[in-house]
Amino acid sequence: MTFSIITVVFNGEKLIEGTIESVVNQTHTGIEYLIIDGGSKDGTVDIIKKKAENYPIRWISERDKGLYDAMNKGLAMATGDFVLFLNAGDRLFSTHTIEQIAAQATPQTDILYGETMLVDENHKHVGTRSDLTVQKLPEYLTWKSMKKGMVVCHQAFLPRLKVAPQYMPDNLAADIDWVIKCLQKTQNIVNTHIIISEYLMGGVSKTRHQQSLKDRYQILKTHFGFFQNLINHILIIFRALVFKIFNNSGY
């Protein structure tokens with residue numbers, strides 16, 4: 001099994017090295033590593049060049065139209081059986097992660113997925129996404145699992161390249177649409193039951209967060225219909241409020 005791991009970065013000199021090291025130090029040998037740089041103005045490209053002298057990294061550095069445009073460039077360059085997006089600041093959980101994933105893949109496997117560990121700016125483990133948020137990783141993931149939001153991180157979601165579509169442009173919730181479309185095309189979906197990645201928590205501007213919520217609503221309405229999506233979002237809000245109450249109460 002071969003895996004195309006794609007890292008998208010822009011002005012990430014403080015983040016990119018750790019991400020690269022987590023990939024190039026993997027024990028599994030069937031890895032194609034692609035780095036898509038958006039024309040960084042800091043020292044990011046220098047770090048990539050230096051790493052590429054010692055490791056087989058394919059990379060480009062050019063202006064793009066945003067995150068998902070860069071991710072689409074990575075998909076177009078990829079040649080592996082499966083694809084995984086690991087953006088600057090994120091890391092694979094251990095040096096054996098891809099080896100563990102590959103051991104669970106068969107020629108019939110369409111998608112592999114797992115858990116994500118959230119880390120702070122010092123890269124200290126805070127807890128898994130399922131432990132710390134209302135978005136719990138399903139034991140059995142289907143496209144209908146997404147009706148209440150992004151229940152799996154794209155940093156821990158590996159579809160076969162042949163079923164992975166291009167991302168929607170100019171939509172802050174394009175990752176949800178992408179995951180849904182991947183799941184709709186497939187049937188053999190494997191829960192690896194391992195922590196696949198470390199996700200660097202970071203702040204999102206209020207304006208972008210509000211827009212992302214609007215974009216998510218429109219995407220889910222497209223896939224699930226107006227009335228079902230309305231009901232789902234009422235449940236999302238209720239679940240979030242309950243989670244916040246119990247979390248603040250120390251339960």
Side-chain angles (χ1 to χ4, degrees), residues 1-8 15 17-34 55 71 74-75 78 80-120 122-146 148-164 175-176 178-180 182-183 185-202:
M1 292 292 174
T2 58
F3 296 81
S4 293
I5 300 179
I6 302 171
T7 293
V8 171
L15 303 173
E17 187 168 8
T19 302
I20 293 174
E21 289 294 326
S22 79
V23 176
V24 299
N25 289 329
Q26 289 295 303
T27 54
H28 187 73
T29 57
I31 295 176
E32 171 187 62
Y33 191 29
L34 308 171
Y55 302 104
M71 293 170 79
L75 284 173
D81 295 312
F82 293 88
V83 61
L84 171 67
F85 284 97
L86 196 71
N87 292 337
D90 303 330
R91 301 179 184 180
L92 291 169
F93 189 71
S94 78
T95 57
H96 303 288
T97 296
I98 299 301
E99 183 178 353
Q100 292 174 316
I101 294 172
Q104 300 188 52
T106 71
Q108 290 72 44
T109 303
D110 296 315
I111 291 174
L112 300 127
Y113 72 100
E115 187 59 85
T116 303
M117 176 66 69
L118 304 184
V119 299
D120 62 19
N122 297 315
H123 221 80
K124 179 181 178 181
H125 291 176
V126 180
T128 67
R129 189 167 181 261
S130 291
D131 290 335
L132 299 178
T133 74
V134 296
Q135 302 289 17
K136 311 303 180 185
L137 186 71
E139 178 66 24
Y140 303 102
L141 183 68
T142 72
W143 74 272
K144 292 183 179 180
S145 304
M146 307 296 290
K148 295 181 182 178
M150 195 71 165
V151 295
V152 60
C153 279
H154 77 262
Q155 294 92 339
F157 182 82
L158 296 86
R160 279 196 180 271
L161 180 62
K162 65 182 181 182
V163 304
D175 53 345
I176 298 179
W178 187 77
V179 169
I180 290 175
C182 288
L183 290 168
K185 295 180 180 180
T186 56
Q187 294 184 352
N188 195 322
I189 301 166
V190 176
N191 185 347
T192 63
H193 293 101
I194 66 170
I195 300 175
I196 292 177
S197 63
E198 296 176 339
Y199 173 70
L200 178 64
M201 298 185 297

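Below, all heavy atoms of this structure are taken into account, side chains as well, without hydrogens, waters or symmetry copies.
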When rounded to the nearest 0.5 angstrom, what distance separates CE in Met150 from OG1 in Thr133? 12.0 Å

Applying side-chain contact (heavy atoms from CB on, under 4.5 Å), name anything that partners Thr29, two or more places apart in sequence or on another chain. none

Which value, rounded to the nearest 0.5 Å, describes the distance between Ser22 atom OG and Glu17 atom CD? 11.5 Å

Could you measure the distance from the CG atom of Asp110 to the CD atom of Gln187? Nearest 0.5 Å is fine. 7.5 Å

When you compare the side chain of Cys153 with that of Arg129, does any pair of heavy atoms fall below 4.5 Å? yes

Can you give me the closest heavy-atom contact between Ala164 and Cys182, atom names plus distance? CA-SG, 3.9 Å

Can you list the steps and then say if Asn191 with Leu141 is a side-chain contact (heavy atoms from CB on, under 4.5 Å)? CA-CA 8 Å; Asn191 185 347; Leu141 183 68; over 6 Å; no

Which ring-ring contact (aromatic ring centres under 6.0 Å, His included) pairs, counting each pair once, include a residue from residues 90-120, with sequence neighbours left out? Phe93-His125

Does His28 use its side chain to pair, donor to acceptor, with the backbone of Gln100 at less than 3.5 Å? no

Inter-residue atom distance Thr186.OG1 - Ile111.CD1, 0.5 Å rounding: 3.5 Å

Is the backbone of Lys144 close enough, under 3.5 Å, to the side chain of Thr142 for a donor and an acceptor to pair up by distance? yes

Side-chain contact, heavy-atom cut-off 4.5 Å: Lys136 with Val151? no

Among residues at least two apart in sequence or on other chains, which ones pass ring pair (Phe, Tyr, Trp, His ring centres under 6.0 Å) with Tyr33? none

Between the side chains of Glu139 and His193, is a donor N or O closer than 3.5 angstrom to an acceptor N or O? yes

Evaluate the side-chain contact (heavy atoms from CB on, under 4.5 Å) criterion for residues Ile20 and Val23: first the C-alpha distance (whole Å), next the side-chain angles of each, then the deciding distance (0.1 Å), finally the verdict. CA-CA 5 Å; Ile20 293 174; Val23 176; 6.0 Å; no

Stepwise side chain to side chain donor-acceptor pair (under 3.5 Å) check, Thr116 with Gln155: CA-CA 7 Å; Thr116 303; Gln155 294 92 339; 5.4 Å; no

Determine, step by step, whether Thr19 and Leu86 satisfy the side-chain contact (heavy atoms from CB on, under 4.5 Å) criterion, reporting the C-alpha distance in whole Å, the side-chain angles of both residues, the deciding distance to 0.1 Å, and the verdict. CA-CA 8 Å; Thr19 302; Leu86 196 71; 4.2 Å; yes

Let's go through Thr27 and Glu99 carefully: what are the C-alpha distance in whole Å and the side-chain angles of both, what is the deciding distance for side chain to side chain donor-acceptor pair (under 3.5 Å) to 0.1 Å, and is it a yes or a no? CA-CA 6 Å; Thr27 54; Glu99 183 178 353; 2.4 Å; yes

side-chain contact (heavy atoms from CB on, under 4.5 Å) for Val126 and Val119? Distances and angles first, verdict last. CA-CA 5 Å; Val126 180; Val119 299; 5.6 Å; no

Does some side-chain heavy atom of Glu198 sit less than 4.5 Å from a side-chain heavy atom of Leu118? no

Distance col, row Ile196:CD1 vs Ile98:CD1, nearest 0.5 angstrom, shows 7.5 Å

Run the salt bridge (charged side-chain N to carboxylate O under 4.0 Å, His left out) test against Glu115 and tell me which residues pass, sequence neighbours left out. none

Can you tell me how far the CG atom of Leu158 sits from the CG atom of Leu84, to the nearest 0.5 Å? 4.5 Å

Just by distance, with hydrogens left out, do Gln104 and Thr192 show a side-chain donor and acceptor under 3.5 Å apart? no

Going by the angle between their ring planes, with limits at 30° and 60°, are Phe3 and Phe82 parallel, tilted or perpendicular? parallel

Side-chain donor-acceptor contact under 3.5 Å, Thr106 with Thr109: yes

Is there a side chain to side chain donor-acceptor pair (under 3.5 Å) between Asp81 and Thr2 once you walk through the steps? CA-CA 5 Å; Asp81 295 312; Thr2 58; 3.1 Å; yes

Short question: side chain of Asn122, backbone of Lys124 - any donor-acceptor pair under 3.5 Å? no

In terms of side-chain heavy atoms, does Asn188 have a donor or acceptor partner in Gln108 at a distance below 3.5 Å? no

Across all chains, not counting sequence neighbours, the side-chain hydrogen bond (donor to acceptor under 3.5 Å, both in side chains) partners of Glu21 are Asn25, Lys51

Sub-4.5 Å side-chain heavy-atom contact between Tyr199 and Met117: no

Heavy atoms, side chains only, cut-off 4.5 Å: are Ser197 and Asp90 in contact? no

Any side-chain heavy-atom pair of Ile5 and Val83 under 4.5 Å: no

Under the rule for side-chain hydrogen bond (donor to acceptor under 3.5 Å, both in side chains), what residues qualify as partners of Thr97, not counting sequence neighbours? Ser94

